[in-house]
Amino acid sequence: RRRAHGLPRSFDPLPEISGATEVSSVYMNQFVNRWEQAWQRFGATSEGIADAGTDIMAAYRDPTRFYHGFKHIESVLWHLDWAKTAMMTTGELALVMHGERVKMFGEVELALWYHDVVYDPERKDNEEKSRDWFLRDAQKFGLPEDVQDNVAHLIDLTARHKDAKS
């Protein structure tokens with residue numbers, strides 16, 4: 001199990017599994033709860049949020065995905081939790097107001113949930129389609145327009161992450 005020494009996790013790590021579809025219902029419920037909290041952070045209250053999360057997770061659990069599957073989304077969320085905790089622990093965010101920190105990390109989390117939801121290795125517009133999926137959900141669940149814009153921008157940036165310099 002991966003764990004950053006001394007840093008808490010918001011959910012248990014994904015058990016080692018042989019296939020993308022072998023995820024326990026208890027573990028899936030943890031992801032659904034996290035998904036709902038990500039939306040509720042911005043005031044979304046629609047009863048359809050859980051169903052939208054189930055659709056997102058089904059996309060990531062598609063057994064034809066090699067890398068951009070369920071373990072990938074689990075990994076990027078783990079890294080977000082680690083980064084958030086590390087920055088809070090070291091004081092790097094001391095000058096950022098609490099409300100802005102919550103908004104910033106909430107927007108990053110929503111972008112991470114959606115960034116690879118559409119994945120076809122033969123196509124070059126996966127991020128664009130993933131962004132459009134997010135925007136449909138964001139409008140349906142009443143996310144503020146500035147949050148929609150910021151998250152859509154973050155998803156678009158992932159289209160170029162292979163070109164980023166280390």
Side-chain angles (χ1 to χ4, degrees), residues 1-4 9-25 27-42 44 46 48-87 103-141 143 146-166:
R1 291 181 179 223
R2 294 171 303 178
R3 187 179 197 105
R9 293 185 45 100
S10 62
F11 55 90
D12 293 331
L14 186 63
E16 292 302 318
I17 57 176
S18 60
T21 58
E22 298 177 31
V23 179
S24 76
S25 61
Y27 192 75
M28 189 58 65
N29 286 339
Q30 289 177 321
F31 266 80
V32 171
N33 288 338
R34 181 173 180 147
W35 166 265
E36 290 174 338
Q37 290 170 5
W39 284 93
Q40 292 164 354
R41 205 172 280 129
F42 294 107
S46 173
I49 291 172
D51 291 335
T54 300
D55 292 343
I56 293 287
M57 286 174 242
Y60 282 111
R61 290 173 64 197
D62 180 336
T64 64
R65 290 177 175 229
F66 174 71
Y67 175 75
H68 294 96
F70 197 78
K71 286 194 70 92
H72 174 64
I73 196 65
E74 189 267 345
S75 176
V76 297
L77 291 172
W78 183 88
H79 283 90
L80 173 64
D81 291 344
W82 180 88
K84 181 167 51 171
T85 302
M87 286 190 273
K103 182 177 186 280
M104 174 182 69
F105 284 115
E107 289 171 348
V108 170
E109 181 166 345
L110 285 175
L112 291 174
W113 279 108
Y114 281 90
H115 81 283
D116 282 324
V117 71
V118 174
Y119 182 70
D120 179 347
E122 302 296 318
R123 298 194 54 115
K124 302 289 185 199
D125 61 352
N126 291 318
E127 287 82 3
E128 180 181 335
K129 290 182 177 292
S130 294
R131 181 203 58 223
D132 292 346
W133 187 334
F134 162 73
L135 288 171
R136 280 191 303 274
D137 285 350
Q139 291 165 5
K140 181 173 25 174
F141 302 132
L143 248 58
D146 66 315
V147 173
Q148 291 183 42
D149 292 344
N150 292 340
V151 173
H153 177 69
L154 290 170
I155 295 167
D156 287 341
L157 289 175
T158 67
R160 298 187 298 271
H161 70 78
K162 293 178 190 101
D163 299 331
K165 301 222 186 297
S166 303

*How far apart are the closest heavy atoms of Ala59 and Trp133, and which atoms are they?*
CB-CH2, 4.3 Å

_Pairwise distance NZ(Lys84) to CG(Asp81) - rounded to 0.5 angstrom_ = 6.0 Å

*Full working for side-chain contact (heavy atoms from CB on, under 4.5 Å) between His72 and Arg65*: CA-CA 10 Å; His72 174 64; Arg65 290 177 175 229; over 6 Å; no

*Going by the side chain to side chain contact (heavy atoms under 4.5 Å, CB included) test, name the single residue among Ile73, Asp120, Asp116 that passes it with His68.*
Asp116

_Minimum heavy-atom separation for Ile49 and Ala44, please, with both atom names._
CD1-CB, 3.6 Å

*Which heavy-atom pair separates Gly106 from Arg41 by the least distance, and what is that distance?*
CA-NH1, 3.8 Å

*Roughly how far, to the nearest 0.5 Å, is NE2 of His79 from CD of Glu74?*
9.5 Å

*Write down the atom of Gln148, the atom of Phe134, and the distance for their closest heavy-atom approach.*
O-CE2, 3.6 Å

*Verify the ring-centre separation between Tyr60 and Trp113: is it less than 6.0 angstrom?*
no

*Report the distance from atom OG1 of Thr64 to atom OH of Tyr119, rounding to the nearest 0.5 Å.*
9.5 Å

*Atom pair CE (Met57) and CG (Asp62), whose distance is rounded to the nearest 0.5 Å*: 15.5 Å

*Any sub-3.5 Å donor-acceptor pair from Ser75's side-chain atoms to Lys71's backbone N or O?*
no

*Just do the side-chain contact (heavy atoms from CB on, under 4.5 Å) check on Asp132 and Arg136 with the steps written out, would you?*
CA-CA 6 Å; Asp132 292 346; Arg136 280 191 303 274; 3.9 Å; yes

*Should Glu107 and Lys103 count as an ion pair when the cut-off is N to O under 4.0 Å?*
yes

*Out of curiosity, Phe141 CZ to Phe42 CZ, how far, rounded to the nearest 0.5 Å?*
14.5 Å

*Worked verdict on Leu154 versus Leu157 for side-chain contact (heavy atoms from CB on, under 4.5 Å)*: CA-CA 5 Å; Leu154 290 170; Leu157 289 175; 4.2 Å; yes

*Given Asn33 and Glu36, is the side-chain contact (heavy atoms from CB on, under 4.5 Å) satisfied, shown in steps?*
CA-CA 5 Å; Asn33 288 338; Glu36 290 174 338; 3.9 Å; yes

*Measuring from Leu135:CG to Leu143:CG, what's the distance to the nearest 0.5 Å?*
10.0 Å

*For His115 and Leu112, indicate whether the former's side chain and the latter's backbone hold a donor-acceptor pair under 3.5 Å.*
yes

*Taking the six-membered ring for Trp and the single ring otherwise, decide whether the centroids of Tyr114 and Trp35 are under 6.0 Å apart.*
yes

